[in-house]
Amino acid sequence: MKIATIISIQFVLHSTKIRNFLGGLLGILCLGTANAQNNSYALFKNDTLKIGNNLIERVFLWNNGNLITCSIEDKENHHKWENISNIPDFQFTKDITQADDADLIISKEKETSIHPAYTRVEVYTKIQNIQTKRVFKVFDNCPAIACHTFLKGNSTEEMEQEEKMTNSTTRKNIESVSDMQLSPTATTLDKLYLKGKHWHTTCVEFFDVTDWNNNLIQEKSFLSYRKTKHKGNLLMVRDGISGNGFFFLKEAPCPEAQIGYKGGDFITDFGTFEVTGMGITPQDITPDQWIPAYGCVTGVYGQGKCDALFAIRNYQKNIRRLLPDRDEMIMMNTWGDRSQDTKINEQFCLQELEKGALLGITHFQIDDGWQTGKSPNSGIAKGSFKDIWNNPEYWTPDKHKYPNGLTPIVKRGKELGIKIALWFNPSIQENFACWEQDAEAIIKLYHTYGIKIYKIDGLSIPNKQTEINLRKFFNRILEETNYEVVFNLDVTAGQRGGYHIFNEYGNFFLENRYTDWQNYYPYWTLRNLWCLSKYVPAEKLQIEFLNKWRNTEKYKNDIFGPANYSFEYLFAITMIAQPLAWFESSNLPQEAFCLKEQIHSYKKFQHKLHEGIILPIGNEPSGRSWTGFQSINKQGGYFIVFREYHPETTCTIPTWLNEGELIKCIPLLGHGKEFTAKAGENGGIRFSLPKENDYVVYQYEIIPQI
């Protein structure tokens, strides 16, 4: 059978009898898909469900839809883990009861402008009075399988509140086997129970609310021992005997922002690994609506030094396709000069466009102040986000500031090759109850002016209904705009989504930094980007560079003040991400516009740079380090290397190259020279930069060796 025919088929298995009758046929059809061009597949046969592709396969005992993992296989590295437990993977109660009303739907989802093609597997079952739906996604040629769980029912009595772990200091001495026994975990999104006791584990906790936080990740490495709870969105586990590993990625907000959070995301106990914290409270369950829990991704990787990070990034890059005309941007937003909305009007925007064009920006975003309504952050008249739809004109252009609407701005931007973007704050009252009106406001702006990019600010997601309505808001806009709209999701304050949820909608506006308040230091920005880039795609982050000529007196005698760096260097920090010119271009001195040459050169390789797997290299930025990034493609990639305020003109930097690989480095920007080198221990490459606070961008190619 041809693949095209398979893609068009959808199976719904309504009962055990029908399921057994179709099992063999379903297995044959989906197996054909599995063997063609690395395609993903699902196979159901003889009470066993298999989901996978050419890199990974997870096998489940059907168990009337209450799935129990049998094994998970890393096909590329020829390693299989056998699950030794008969407890279902997903639990919302300690009591293991019989499931019924099991259904199965398998479909092949075609590629869209948002995601690549993938196999979708929907598993339905009923446990007591709660119905569950688990939706698995597996992309082609990706070593990970995602699962999103949904619940609904007529009663919440069966769903137990997630328990808090006992503090380890209250536990008694262990003098017998019985002393080791602990009660099972009541609620788990997923789990693996494996043989062995040599598990080297790393848990990564993420932090947003960047107006208050300047340390955005925390890594904790440990040997799995006894039942312990850990906070984080990512758990990486490596078998100390085989060297192979697997990971759980919890697709949820940062821990402290999660709904109904009980202090942990993962529970480990020797070879036991559980994902907990569903993001659903018993009160959320309703009989007429599927309520989404947080997602969980399971992936596998080999023994190589970068295999784990490659596997995680492979999945992350599949969540949202990176399209050059839609997702690449060098955006200018005027809020960074602290004028707030006091200058925003038609004349000001036209002036900014002219200056922005001289700089080479691709997008101009009008922040808070373009709209008729006044926000609480207005510098003109303190407004409110409460009951904003009492003013039906709130999200229309201010007629006094823009007597001709936004048409002249959009028209002049188009003439200059600059796309116009806007700031928007959904009405947060009553759990985003007005999401439809909010969505219609953006849809109207899209149809009236063709504006496709919106910075979404002011979010607060304290409960499940808010999260649901917010998704409805995003999805309605995409559906009504041919999926052309892109959202810049602000993670600077409040109970928001963090880095691992809503990823399919656009990119993340990472931080507000201002010279006015002396909280902009170039190496701080570089450090936050460097730390996050190990686990979050750098190309999905908007990273700021500021007007270094403002407020120089506030940094007097501070060697790390912005004025001590070239404007080109400040821009270079942002290249690996999506550059954000966080200033008013009309405030720049004439010398700043020399940057246009570098921006013009950067545009030529921006998308190729972002297509690679981007990881940090060198030492953590400190203001005195040799540091940087590597973008890795099949036969080469890019290096961006920074010599901070460091005395040495050369430095051997560990990279993600394999020892012995021969590369040729061609400089594209900055102040390096062409060279050829062989990677040493830990992929070490010796770089040279003549001055302190300097940088270079290299394109490198791997030279075949005979």
Side-chain angles (χ1 to χ4, degrees), residues 141 302-307 309-310 313-314 317 322 324 328 526 529-530 533-534 537-539 566 568-569 571-577 579 595 597-621 625-644 646 648-706:
N141 201 36
Q303 302 172 20
K305 63 179 181 179
C306 55
D307 286 2
L309 301 180
F310 273 37
R313 191 59 45 83
N314 184 323
K317 280 181 170 288
L322 188 76
E328 300 288 6
L526 178 58
L529 175 58
W530 190 91
S533 68
K534 190 174 180 180
E539 68 273 17
S566 70
E568 180 182 349
Y569 183 97
F571 173 68
I573 289 173
T574 72
M575 288 182 186
I576 207 73
L595 186 62
E597 181 180 344
Q598 283 73 34
I599 291 180
H600 177 71
S601 297
Y602 169 70
K603 290 176 183 176
K604 295 178 182 179
F605 63 85
Q606 180 182 18
H607 186 60
K608 286 290 184 182
L609 176 72
H610 290 156
E611 280 186 318
I613 292 178
I614 296 168
L615 295 174
I617 60 173
N619 291 320
E620 179 180 301
S625 302
W626 277 83
T627 187
F629 303 93
Q630 182 177 353
S631 173
I632 306 160
N633 289 308
K634 288 184 178 179
Q635 297 301 318
Y638 299 85
F639 291 116
I640 301 182
V641 176
F642 299 90
R643 174 191 171 188
E644 296 186 302
H646 191 284
E648 301 296 331
T649 59
T650 62
C651 183
T652 298
I653 296 180
T655 73
W656 300 98
L657 295 170
N658 294 316
E659 184 175 351
E661 282 187 313
L662 185 65
I663 62 168
K664 181 179 181 180
C665 289
I666 302 169
L668 302 179
L669 283 173
H671 305 98
K673 296 180 179 180
E674 182 176 321
F675 69 93
T676 300
K678 182 175 287 189
E681 186 179 0
N682 295 319
I685 296 292
R686 194 159 187 83
F687 293 96
S688 177
L689 283 167
K691 297 180 181 179
E692 296 163 337
N693 294 336
D694 204 358
Y695 84 101
V696 62
V697 179
Y698 283 113
Q699 182 174 12
Y700 74 88
E701 60 181 52
I702 298 175
I703 302 173
Q705 301 180 66
I706 298 174

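For clarity, every value in this text was computed on a predicted model and none was experimentally measured.
- Put simply, CD1 on Ile702 and NZ on Lys664 are 14.5 Å apart, with the number rounded to the nearest 0.5 Å.
- A donor-acceptor contact shorter than 3.5 Å is absent between the side chain of His610 and the backbone of Glu328.
- Residues Leu689 and Thr649 form no side-chain contact, since every pair of their non-hydrogen atoms from C-beta on lies 4.5 Å or further apart.
- Between the Lys534 side chain and the Ile614 main chain, no donor and acceptor come within less than 3.5 Å of each other.
- For Ser625 (side chain) and Glu620 (main-chain N/O), a donor-acceptor pair under 3.5 Å exists by modelled atom type.
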Would you sort out whether Leu657 and Tyr700 count as a side-chain contact (heavy atoms from CB on, under 4.5 Å), showing the intermediate values? CA-CA 11 Å; Leu657 295 170; Tyr700 74 88; 3.9 Å; yes
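- Contact detail for Gly628 and Phe642: the closest heavy-atom pair is CA-CD1, 4.0 Å.
- Aromatic ring centres of Phe629 and Phe639: separated by at least 6.0 Å.
- Taking the salt bridge (charged side-chain N to carboxylate O under 4.0 Å, His left out) definition, one finds that Glu539 meets it with Lys317, sequence neighbours left out.
- Contacts classified as side-chain hydrogen bond (donor to acceptor under 3.5 Å, both in side chains) and involving residues 650-659 (residues at least two apart or in different chains) are given here: Thr650-Arg686, Thr652-Arg686.
- Qualifying ring-ring contact (aromatic ring centres under 6.0 Å, His included) partners for Phe571, counting only residues two or more places apart in sequence or in other chains: Phe545, Tyr602.
- Side-chain atoms of Ser631 come within 3.5 Å of backbone atoms of Leu609 as a donor-acceptor pair (strictly under, hydrogens ignored).
- Atom-to-atom distance recorded for His646:NE2 and Asn619:CG is 8.0 Å, nearest 0.5 angstrom.
- Shown here are the ring-ring contact (aromatic ring centres under 6.0 Å, His included) partners of Tyr695, two or more places apart in sequence or in another chain: there are none.
- Separating the OG atom in Ser566 from the CG atom in Leu595 is a distance of 9.0 Å, to the nearest 0.5 Å.
- For the pair Ile663 and Ile685, the minimum side-chain heavy-atom distance is below 4.5 Å.
- Using a 4.5 Å cut-off on side-chain heavy atoms (C-beta onward), Tyr698 and Ile640 make no contact.
- Under the 3.5 Å distance criterion, the side-chain polar atoms of Asn314 are matched with a main-chain donor or acceptor of Asn141.
- A donor-acceptor pair is defined here as one N or O able to donate and one able to accept, closer than 3.5 Å; no such pair exists between the side chain of Arg643 and the backbone of Cys651.
- Looking at Trp530, its side chain does come within 3.5 Å of a backbone N or O of Ile617 through a donor-acceptor pair.
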Starting from the C-alpha separation in whole Å, work towards a yes-or-no answer on side-chain contact (heavy atoms from CB on, under 4.5 Å) for Glu644 and Tyr569. CA-CA 10 Å; Glu644 296 186 302; Tyr569 183 97; 3.7 Å; yes
Apply side-chain contact (heavy atoms from CB on, under 4.5 Å) to the pair Tyr638 and Ile576, showing each step before the final yes or no. CA-CA 10 Å; Tyr638 299 85; Ile576 207 73; over 6 Å; no
Could you give the side-chain donor-acceptor pairs of residues 668-677 under 3.5 Å, partners two or more places apart or in another chain?
{"residue": "His671", "atom": "ND1", "partner": "Asp694", "partner atom": "OD1", "Å": "2.7"}
{"residue": "His671", "atom": "ND1", "partner": "Asp694", "partner atom": "OD2", "Å": "3.4"}

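- Between atom CZ of residue Phe310 and atom CD1 of residue Ile613 there is a gap of 4.5 Å, rounded to the nearest 0.5 Å.
- With sequence neighbours excluded, the residues satisfying side-chain contact (heavy atoms from CB on, under 4.5 Å) with Gln705 are Leu662, Lys678.
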